[in-house]
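Report on one structure; see the data block that follows.
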Amino acid sequence: QECSADDATCSSSSSTPDTTTNQEQCKDTHDNCSFWAKQGECDANPNYMHIFCPISCNTCPEPRQASTLEALLLIEVSKYGKSQKVEGKDAVKTLEVIERTVDYMKNVVFKGGVDLSEDIVVECTNKEELCAFWAAIGECEANPGYMKLKCAPSCQTCDMIDINKRCPPLTDDVVPALLPGGLNAMFERIVATAPGNNTDLEIAPGMTNYSVVIHSRPAPVEGEAVIDQKLDLEQPPWLITFNNFLTDEECEQLIILGHKSEYARSKDVGDLQADGSYDSVVSTSRTSENAWCSYQKKCRSEEVPQMIHERIAMITGIKANHSEDFQILKYEPGQFYRRHHDYIELQADRQCGPRVLTFFLYLNDVEEGGATNFPLLDIAVKPKKGQAVLWPSVLNSDPKAKDYRTDHEAQDVIKGIKFGANAWLHLYDYMAASEMGCT
Ligand SMILES: O=C(O)CCC(=O)C(=O)O
Ligand SMILES: [Fe+2]
């Protein structure tokens, strides 16, 4: 699923499988390829070299001449979406997938062999020319969320385009990250255990010596807390910042990883699609660029992002797999993100549950502008390298209910460049849901 949100953020889990056999696209992807090849690395390290340095290793796929039967199959399959590419060493397997696809579409889907609404049948097309190839190399199983949405004919899973079929609701035994009353308890604990505020506390491994500043909080309660929505709304919501949450090296590394994951114009969420995902549209209320630090981009598996996910998990008590991939942001002078809320209504009833918290990281000092402003709380947080800000999107009394008061905006950067990163924490396991295309 490509996008989620009010605030319109495109989910990282949706990247295309990154293998390609495309003849024209055959190129070395690293400056050192030719040097390594001369050193004998094509033979020493073929798994990497043959794929990432195919020119230097002379392993570009051979162009193929299709037989008449193949040519007919290719015409047939193009009735069910994009024309399919068949080349390279997996060509035979790819053709077999195409043969099965045509049979499935013709004799099952269009013969009413599966009970599908017209919307779903229309939507069941191969959206990429490499669908058959990916299916042939096992991507339907390895990357089901993406493939079931983008390559359903090749995976023979038209029925899974229906989000109700693909994403059954969680069963009652799944424990949410926060129970009613858990939000206040979490913030109280975070404030009480910040190592920088308590010189006698030891710094746990993987932690920094961060200190916490409280900008807004509900009044502390003596004795047993009463859990009540009306009481929640009579008290200000929590908003805290962490100084020295990240080391300088961690900030710099995240910015670099953002470049590797490729910053692109931030998108807003558009219309709901037949498959339950959202269209992504360029919006005028958000002019920054962002990059998703995902596993697909070989970013989330890196040491620094992993350690920061773990740090956030240790501090909040919410497991790292409840967090979306870091969305790394870049604002040039004049860029901004107008007033919005991070809560995504539709997710409240999906497997991942709503975003309950935003852990926002500031990765550099900004010369002028670029504050995160909370108009309803009258609080503006100025960017500072290594600082983080944490606020809830939901209420203490009901972690599924939106707390409207944490509306916020990223004010225009006036001078310098601003780098930041969002970590959105969900009520349930976001990564598991995202793998199945259920966010
Ligand atoms: O850049 C900021 O200060 C906040 C960004 C933000 O609110 C968002 O990306 O949802
Ligand atoms: Fe936001």
Side-chain angles (χ1 to χ4, degrees), residues 3-12 215 237-242 245-246 251 254-255 258 261 263-269 278 280-294 312 323-345 347 354-394 402-426 430 439:
C3 257
S4 39
D6 259 359
D7 73 18
T9 45
C10 288
S11 161
S12 50
H215 298 263
W238 283 95
L239 194 146
I240 63 177
T241 52
F242 300 74
F245 179 73
L246 302 172
C251 292
L254 277 187
I255 294 174
S261 307
Y263 293 101
R265 171 76 189 255
S266 300
K267 298 276 185 71
D268 260 0
V269 166
Y278 295 90
S280 60
V281 292
V282 169
S283 130
T284 50
S285 70
R286 188 182 194 192
T287 57
S288 56
E289 295 196 343
N290 67 255
W292 289 95
C293 181
S294 64
I312 292 173
S323 175
E324 293 182 36
D325 297 327
F326 287 122
Q327 187 196 43
I328 307 176
L329 304 171
K330 173 170 168 261
Y331 300 82
E332 309 255 358
Q335 294 185 331
F336 53 78
Y337 188 1
R338 296 286 180 246
R339 182 168 165 178
H340 67 280
H341 202 282
D342 291 346
Y343 184 94
I344 299 163
E345 266 75 12
Q347 287 181 334
R355 289 172 171 170
V356 290
L357 291 163
T358 301
F359 219 113
F360 188 83
L361 315 175
Y362 298 94
L363 304 179
N364 71 335
D365 294 313
V366 180
E367 272 182 79
E368 201 183 336
T372 313
N373 183 44
F374 296 79
L376 299 175
L377 306 177
D378 206 11
I379 296 168
V381 181
K382 266 179 58 181
K384 181 161 176 269
K385 187 171 182 176
Q387 186 184 250
V389 52
L390 176 65
W391 71 86
S393 284
V394 295
K402 177 170 171 178
D403 188 339
Y404 287 87
R405 300 167 303 173
T406 48
D407 255 12
H408 55 280
E409 65 184 333
Q411 293 177 333
D412 297 39
V413 169
I414 294 166
K415 213 166 166 197
I417 297 182
K418 170 183 168 187
F419 287 99
N422 282 299
W424 285 297
L425 309 190
H426 285 255
Y430 182 85
T439 55

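Remember, it's a predicted structure, so these values are computed and weren't measured experimentally. In each ligand, atom 1 is the first atom listed, and ligand 1 is the first ligand listed.
At a 4.0 Å heavy-atom cut-off, ligand 1 does not touch Glu409 at all. Under 4.0 angstrom from ligand 1, there are no non-hydrogen atoms of Thr358.
Listed by number with element, the atoms of ligand 1 under 4.0 Å from a non-hydrogen atom of Tyr331 are 1 (O), 2 (C), 5 (C). If you number the atoms of ligand 1 from 1 as listed, the ones under 4.0 Å from a heavy atom of Arg286 come out as 9 (O). Numbered from 1 in the order shown, with element, the atoms of ligand 1 that lie under 4.0 Å from a heavy atom of His408 read 7 (O). Annotation for ligand 1: atoms under 4.0 Å from non-hydrogen atoms of Leu329 are 1 (O), 5 (C), 9 (O). Short contacts between ligand 1 and His340, defined as distances under 4.0 Å to a heavy atom of the residue, involve ligand atoms 6 (C), 7 (O), 8 (C), 10 (O).
Rounded to the nearest 10 degrees, the angle OD1 (Asp342) to the Fe ion (ligand 2) to NE2 (His408) equals 90°.
Looking at Thr372 next to ligand 1, an N or O pair under 3.5 Å apart turns up. Geometrically, ligand 1 and Asn422 share a nitrogen or oxygen pair separated by less than 3.5 Å.
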**Thr372 and Tyr362: CA distance, side-chain angles, deciding distance, side-chain hydrogen bond (donor to acceptor under 3.5 Å, both in side chains) verdict** = CA-CA 10 Å; Thr372 313; Tyr362 298 94; 2.6 Å; yes

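Within the 3.5 Å criterion, the main-chain N or O of Ser283 finds a donor-acceptor partner in the side chain of Arg265. Without hydrogens or angle criteria, Lys418 side chain to Gly370 main chain gives a donor-acceptor distance under 3.5 Å. Without hydrogens or angle criteria, Thr241 side chain to Val389 main chain gives no donor-acceptor distance under 3.5 Å.
The side chain to side chain contact (heavy atoms under 4.5 Å, CB included) test applied to Pro375 returns Arg339, Asn373, not counting sequence neighbours. Considering only residues two or more places apart in sequence or on other chains, Glu409 meets the salt bridge (charged side-chain N to carboxylate O under 4.0 Å, His left out) condition with none of them.
Note on His340: counted as a metal contact of the Fe ion (ligand 2), an N/O/S atom lying under 2.8 Å.
Using a 4.0 Å heavy-atom cutoff, Trp424 is listed among the residues neighbouring ligand 1.
The distance between the ring centers of Tyr430 and Trp424 does not fall below 6.0 angstrom.
Note that Arg286 lies in the cation-pi zone of Tyr337, set by a 6.0 Å cut-off to the ring centre and a 45° limit from the axis.
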